[in-house]
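Every chain is numbered from 1 and lettered A, B, ... according to where its sequence line falls, protein lines coming before strand lines.
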Amino acid sequence: MPFEPLDQYVQRQKKLEEIRALGVDPFPHRFPCSHTVPEIHERYGSRSATELEAEPVAVRIAGRILSLRLHGKAGFAHLSGQGERLQVYVKLDAVGERGFALFRLLDLGDIIGVSGHLFRTRTGELTVWVEALTLLTKALLPLPEKWHGLADVDQRYRRRYLDLIVSERSRGIFLRRAQILRSLRRFFDERGYVEVETPMMHPILGGATARPFVTHHNTLDMDLYLRIAPELYLKRLVVGGFNRVYEVNRNFRNEGIDAIHQPEFTMLEFYQAYSDYTELMDLTEQLFRALVQEACGTLRITYGDREIDFASPFARLTMRQGIVAYWPEQAGPVPTEQALKAPGGPLEAALRYNAWARAHDRPLVEEAETASPPSDGELTGALFEAIAEPHLFQPTYIYDFPVEISPLAKRRADDPSITERFELFVAGMELANGFSELNDPEDQERRFRAQVEKGGEEMPKVVDMDYIRALSHGLPPTAGEGIGIDRLVMLLTDSHAIREVILFPLLRPEAGEKPADNAPPDEGSLEKEREV
RNA sequence: AGGGGCGUAGCUCAGCGGUAGAGCAGCGGCCUUUUAAGCCGAAGGUCGUGGGUUCGAUCCCCACCGCCCCUACCA
């Protein structure tokens, strides 16, 4: 079935027939190469024209045609291979009548193989003097416009394959993403962590506060949630004696889409027995330094128009200290930590802040959308997010979270209203969230029940009693943490939208694209197709 | 969801009450070291969709659709 742009598709089909008429197979099977394009640049990039003439280097390479300049009885093209370009020179005298006839039928986007030797053109560019030309794949659709590239951002995500062909930056982001994940796995593997895979389809919602996607299993006739977090399964593994585990995989949350949120996002979670959150803060600093250094080659990286310093120790503030430190002075006297700790203190501060914020069109401290009025803990969290979070550009730990917003974290021994929990903020983004895990099964069950009672779409409907049972068998003192990988990659690639670092982000279906046109098979044949 | 912006040739854009323009891509021709190759020629458009105002709308008005940005919720 032809695709738009139709005239070009039809034109290329015509050329395809002319190529076949020449006796050339436009989709042949294999083409062994002597070098990759990067290898050629690496090995021969410094050879001079005279050196290449004196000692000819035979090469056989393949790639996609990214530029094409015909000059009558000769022509130049740039081939792209492994993200790098190499020019080739095709001359009637060198490739013969049939070879040149084929060359004249090539288009931008076609994939070819050439064999010949290296030389330098008059302008000094390293080039392959082509002696034989092989068409490897005819492209029936054109590449994006040659110097604007794919300017429509939406098209860059929908047609990611084109984006990757023409945008070195985009290609680089995903190569770096892969490299970051390798570094990350190495970091944990070296420290004795076991990488595991836990279910992505959960019968019971849990491990985070978020609105889920719901799906259905036919044979078992049961609804399942796409997981919002792997947390409860990973801790079951710690109960099972896997003292150090980690998982890197997708979470699914049925919530908004914006510059830093996608419904499907990648999360690292790791758990470590016999530790607490202070140890994780230290470990996380080491991890970030290792990842930043390996990805960027420096500990002072540029993000937008600012520098982020990963070399210095990360700032550490309690949540209450954060509110105090960034309290806008125009909103009245700065509340003290003591005042925020006292019953009703957060409410008093929130009312004062809201009065000022409303008058100045600034973010309000929102009241939680639940039946009961917000608790002091919830208000403390809301105050922090409104007041301090946007300011946290340099790596900063915020720790000691209220128990009401930390249902899985262990309370502090000296203050049961707060938990041993921290979050790491960089560039105004929440990147990591860790805590000493609550391992008292009775306290955990009470907190789960409170959540269920509280209600709301993002709350579990039932208590995960098997998890409580697992805790009842004894979870050693354990610290655990989650790190948002997409945001981490954003940071380390100077990307400012999460869609830049996800290969195929979720988008609204393209306008005018009718799913019905793709002839959905009826249910019976669909079933059959899946039985493999 | 609310506020702002955008939508004209395949792509990037100009035009703005009098009936459509450029560059690039594509097509034909010339060109055996070019590189945003060049030169000549022809082709390409329901000006996002629907309504309204007007003698006349791509242009003004209204609605809708799509995309982007900001604000609110979530990592």
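Neither side chain, Glu53(A) nor Thr50(A), offers a donor N or O lying under 3.5 Å from an acceptor on the other. Side-chain contact, Glu500(A) with Thr493(A): no donor N or O sits under 3.5 Å from an acceptor N or O. Under the 3.5 Å distance criterion, with hydrogens and angles disregarded, no donor-acceptor pair is assigned to the side chains of Ser167(A) and Arg160(A). For the residue pair Glu269(A) and Tyr271(A), a side-chain donor N or O sits within less than 3.5 Å of a side-chain acceptor on the partner. Counting only N and O atoms by type, the side chains of Arg85(A) and Ser67(A) include no donor and acceptor under 3.5 Å apart. Donor-acceptor pairing under 3.5 Å is lacking for the side chains of Thr121(A) and Gln87(A). Looking at Tyr277(A) and Lys410(A), their side chains never bring a donor and an acceptor atom within 3.5 Å of each other.
Atom name C1', nucleotides A72(B) and C65(B): the rounded distance is 24 Å, in whole Å. Comparing the C1' positions of G41(B) and C31(B) gives a spacing of 16 Å, expressed to the nearest Å. Using atom C1' as the reference point in both G44(B) and G23(B), the two lie 15 Å apart (nearest Å). Taking atom C1' in both C67(B) and G51(B), one finds a spacing of 23 Å when rounded to whole Å. Distance check on atom C1': C64(B) versus G7(B) gives 14 Å, rounded to whole Å. Taking atom C1' on both nucleotides, C30(B) is separated from U19(B) by 38 Å, rounded to a whole Å. Comparing A20(B) with A57(B), their C1' atoms are spaced 14 Å from each other, to the whole Å. Only the P atoms considered, G18(B) is 16 Å distant from C47(B), to the nearest whole Å.
Within the 3.5 Å criterion, the main-chain N or O of Ile228(A) finds a donor-acceptor partner in the side chain of Arg253(A). Looking only at distances, no side-chain donor or acceptor of Arg316(A) sits under 3.5 Å from a matching main-chain atom of Tyr399(A). Listed for the Lys461(A) side chain is a donor-acceptor partner under 3.5 Å among the backbone atoms of Met459(A).
Here the side chain of Asp258(A) is nearest to one of C74(B), C27(B), U32(B), namely C74(B). Nearest to the side-chain atoms of Trp129(A) among the listed nucleotides C73(B), U33(B), C68(B) stands U33(B). Of the candidate nucleotides C27(B), U33(B), C74(B), C74(B) has the atom nearest to the side chain of Glu255(A). The side chain of Tyr89(A) sits closest to U32(B) out of U32(B), C74(B), G26(B). Taking the side chain of Thr127(A) as heavy atoms from C-beta on, and the options U34(B), C69(B), U32(B), the nearest nucleotide is U34(B). Comparing G26(B), U32(B), C74(B) against the side chain of Lys91(A) picks out U32(B) as the nearest. Between C74(B), U32(B), A25(B), one nucleotide has an atom nearer to the side chain of Gln8(A) than all others, and that is A25(B).
Positionally, the nearest nucleotide of RNA chain B for Leu143(A) lies more toward the 5' end than for the other of Arg122(A) and Leu143(A).
U19(B): glycosidic angle within 90° of 0, hence syn.
Residue contacts for Glu385(A): at a heavy-atom cut-off of 4.0 Å it reaches the sugar-phosphate backbone alone, with no base atom in range. Across all strands, Gln87(A) comes closer than 4.0 Å to base atoms (heavy-atom distances). Nucleic acid contact class of Arg499(A) (heavy atoms, under 4.0 Å, all strands): sugar-phosphate only. Within the 4.0 angstrom heavy-atom criterion, only backbone atoms of the sugar-phosphate kind lie near Lys15(A); the bases stay farther away. Residue contacts for Asn254(A): at a heavy-atom cut-off of 4.0 Å it reaches no nucleic acid atom on any strand shown.
Nucleotide C67(B): paired with G5(B) (Watson-Crick or G-U wobble, both distances less than 3.5 Å). Pair assignment for A20(B): none, as no Watson-Crick or G-U wobble contacts are both less than 3.5 Å. Across all strands shown, U53(B) forms no Watson-Crick or G-U wobble pair with both key distances under 3.5 Å.
We find that CZ of Arg158(A) is positioned 17 Å from C1' of C11(B), with the value rounded to whole Å. If you take NE2 of His496(A) and P of C69(B), they are 13 Å apart, rounded to a whole angstrom. Rounded to a whole Å, the CD atom of Glu131(A) is 21 Å from the P atom of U32(B). Regarding Ile257(A), its CD1 atom lies at a distance of 14 Å from the P atom of G66(B), rounded to whole Å. Between the CZ atom of Phe103(A) and the C1' atom of U34(B) there is a distance of 11 Å, rounded to whole Å. One interatomic measurement links the two molecules: CZ of Phe100(A) to C1' of C31(B), which rounds to 11 Å at whole-angstrom precision. Distance, Asn433(A) CG to C74(B) P: 13 Å, rounded to whole Å. Separating the CD atom of Gln262(A) from the P atom of C74(B) is a distance of 18 Å, rounded to the nearest angstrom.
Not counting sequence neighbours, the partners of Glu131(A) by the side-chain hydrogen bond (donor to acceptor under 3.5 Å, both in side chains) test are His117(A).
What you find for Met490(A) and Tyr303(A) is that their closest heavy atoms are O-CE1, 3.5 Å.
Contacts with RNA chain B (heavy atom under 4.0 Å) in residues 61-73 of chain A: Arg69(A), Leu70(A), His71(A), Gly72(A), Lys73(A), listed by number. Interface residues of residues 399-410 of chain A facing RNA chain B, ordered by number: none; criterion, heavy-atom separation under 4.0 Å.
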